[in-house]
Amino acid sequence: MKLENMYETLRNIHGPQGKWWPGSEEVIVSAVLTQNTNWKNVEKALENIKKDCKNNILHGLAKMSTQQISFLIKPAGFFNIKAQRLKNLLTWLKNYDFDLEKIKTRNIEEIRKELLSIKGIGNETADSIILYALELPIFVIDAYTKRLLNRLLGIKLKEYDQYRLLFETTYPKDVALYQEFHGLIVEHAKMFCRTKPLCELCPIDSCQYKNAKD
DNA sequence: CACCAGGCCCTAT
DNA sequence: ATAGGGCATGGT
């Protein structure tokens, strides 16, 4: 299997993913909540937030104390540190009046640099926000992506940006494509890559890790 | 019971 | 530069 065939292969197995992520404001919050955390736990935390914030999550959270936020996001784990990280992110968003359209008018590399300068916002969190909330073309690299790249292509790289640029130079810079591709990777990894019995059911024969962990 | 999950930061070497 | 530890809940 070659990298340029990976998208089509996954798409043939899983079909179109469509818009599998929530609205922009929820994406921003969940990008932080999901750091090293099961998505199920993130959903519980998100529900607590939505219940308290009604219509406007970002404004609602911005008005809360760090303590209040950490209480709401308890199910997502690491709640103290994540509450602080959300606070940091909200402080940055306030510079743009919480208006994503205002952020989008800026240069994509500048946006990325600003996000990465926020304490608690690393590569994956920043890129998830850029691709799914701002809808600008950045390829998101997560643990699943690295795992699949290793298992299917035997590729292991050192730096985050090496992974990102590999995808971005192999595939056209297309927002819808990157959103869909990442969705397919997540779907595939969840379905086939978590345990050995599941891995045995994976239809991709070229996978070199039918019996290995990573 | 042990181990993991869609990271990130800080510290010590 | 890079390895190791802390952060914390809920599911298998």
Side-chain angles (χ1 to χ4, degrees), chain A residues 6-7 10 14 17-24 26-49 66-92 112-134 138-152 156-164 167 178-201 209 211-214:
Chain A
M6 188 169 162
Y7 174 76
L10 292 176
H14 301 283
Q17 299 301 296
K19 186 178 180 299
W20 56 274
W21 60 97
S24 292
E26 289 179 44
V27 169
I28 291 175
V29 174
S30 58
V32 172
L33 294 183
T34 196
Q35 290 172 355
N36 198 42
T37 298
N38 191 304
W39 184 254
K40 275 283 180 197
N41 292 11
V42 174
E43 283 181 327
K44 294 176 206 277
L46 259 183
E47 284 310 307
N48 290 342
I49 291 173
T66 309
Q67 298 244 332
Q68 280 176 289
I69 296 176
S70 70
F71 174 74
L72 290 178
I73 67 174
K74 219 175 190 26
F78 304 144
F79 47 83
N80 285 319
I81 196 161
K82 282 175 180 173
Q84 186 57 58
R85 289 174 181 180
L86 282 173
K87 267 292 185 195
N88 298 342
L89 184 53
L90 288 162
T91 299
W92 177 76
R112 190 169 137 87
K113 211 180 297 177
E114 287 189 9
L115 279 169
L116 290 177
S117 74
I118 300 168
K119 188 178 290 187
I121 308 301
N123 287 307
E124 189 196 329
T125 309
D127 289 345
S128 297
I129 291 170
I130 292 172
L131 180 63
Y132 289 107
L134 302 179
I138 283 251
F139 203 96
V140 176
I141 305 297
D142 56 18
Y144 289 154
T145 311
K146 292 178 186 168
R147 189 174 304 161
L148 274 196
L149 209 54
N150 183 27
R151 293 190 183 191
L152 302 183
K156 253 190 216 166
L157 303 172
K158 292 192 173 174
E159 305 290 328
Y160 178 94
D161 279 335
Q162 292 181 318
Y163 282 98
R164 185 168 67 85
F167 279 95
Y178 288 0
Q179 290 172 333
E180 177 79 8
F181 201 163
H182 182 239
L184 287 167
I185 289 170
V186 171
E187 180 65 19
H188 186 82
K190 278 184 172 175
M191 189 173 295
F192 294 120
C193 302
R194 287 191 302 191
T195 67
K196 197 156 86 170
L198 290 176
C199 192
E200 296 295 337
L201 299 175
Y209 289 82
N211 294 303
K213 276 184 136 186
D214 255 315

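Keep in mind that this is a model prediction, so the values were computed, not measured. Throughout, a chain's letter reflects where its sequence line sits, starting with A, and its residues are numbered from 1.
Between K44(A) and the phosphate of dG11(C), there is a side-chain N or O to OP1/OP2 separation shorter than 4.0 Å. Taking only side-chain nitrogens and oxygens, K40(A) never comes nearer than 4.0 Å to OP1 or OP2 of dT12(C). Proximity of R147(A) to the phosphate of dA5(B): a side-chain N or O atom is located under 4.0 Å from OP1 or OP2. Taking 4.0 angstrom as the limit, N41(A) places none of its side-chain polar atoms (N or O) nearer than this to OP1 or OP2 of dG11(C).
Checking dA8(C), dG7(B), dG10(C) against every side-chain atom of A143(A), the shortest atom distance belongs to dG7(B). In the set dT2(C), dA8(C), dG10(C), dA8(C) carries the atom at the smallest distance from any side-chain atom of N80(A).
As a whole-Å value, the separation of F78(A) CZ from dG6(C) P is 12 Å. Regarding K74(A), its NZ atom lies at a distance of 13 Å from the C1' atom of dC7(C), rounded to whole Å. Atom CG in D142(A) sits about 10 Å away from atom P in dC8(B), given to the nearest Å. dC7(C) atom P lies 21 Å from atom CG of N38(A), rounded to whole Å. The interatomic distance linking N36(A) (CG) with dC7(C) (C1') rounds to 9 Å, in whole Å. Atom NZ of K158(A) and atom C1' of dT2(C) are 10 Å apart (whole Å). In this entry the distance linking CG of N48(A) with C1' of dT9(C) reads 13 Å, nearest Å. When rounded to the nearest whole Å, the span between CG of N88(A) and C1' of dG7(B) equals 15 Å.
The distance between the ring centers of F181(A) and F139(A) falls below 6.0 angstrom.
For the salt bridge (charged side-chain N to carboxylate O under 4.0 Å, His left out) test, no residue two or more places apart in sequence or in another chain qualifies with E124(A). Applying the side chain to side chain contact (heavy atoms under 4.5 Å, CB included) test to K19(A) and every residue at least two apart in sequence or in another chain returns W21(A).
Nucleic acid contact class of R85(A) (heavy atoms, under 4.0 Å, all strands): base. Residue contacts shown for K82(A) are absent, as no nucleic acid heavy atom lies under 4.0 Å away. Among the protein residues, K146(A) comes within range of no part of the nucleic acid, since none of its heavy atoms lies under 4.0 Å from any strand.
In terms of modelled atom types and a separation under 3.5 Å, the side chain of Q35(A) and the main chain of G120(A) share a donor-acceptor contact. No donor-acceptor pair closer than 3.5 Å links the side chain of K82(A) to the backbone N or O of I73(A).
Residues from residues 113-128 of chain A placing a heavy atom under 4.0 Å of any atom in DNA chain B, listed by number, are I118(A), K119(A), G120(A), I121(A), G122(A), N123(A), E124(A), T125(A).
Between dC7(C) and dC1(B), the distance separating the two C1' atoms is 22 Å to the nearest Å.
No hydrogens or angles considered: nothing links the side chains of N88(A) and T91(A) as a donor-acceptor pair under 3.5 Å.
F192(A) has its side chain within reach of L201(A): a pair of non-hydrogen atoms, C-beta onward, lies under 4.5 Å apart.
The two atoms that bring H182(A) and Y132(A) nearest to each other are ND1-OH, 3.1 Å, heavy atoms only.
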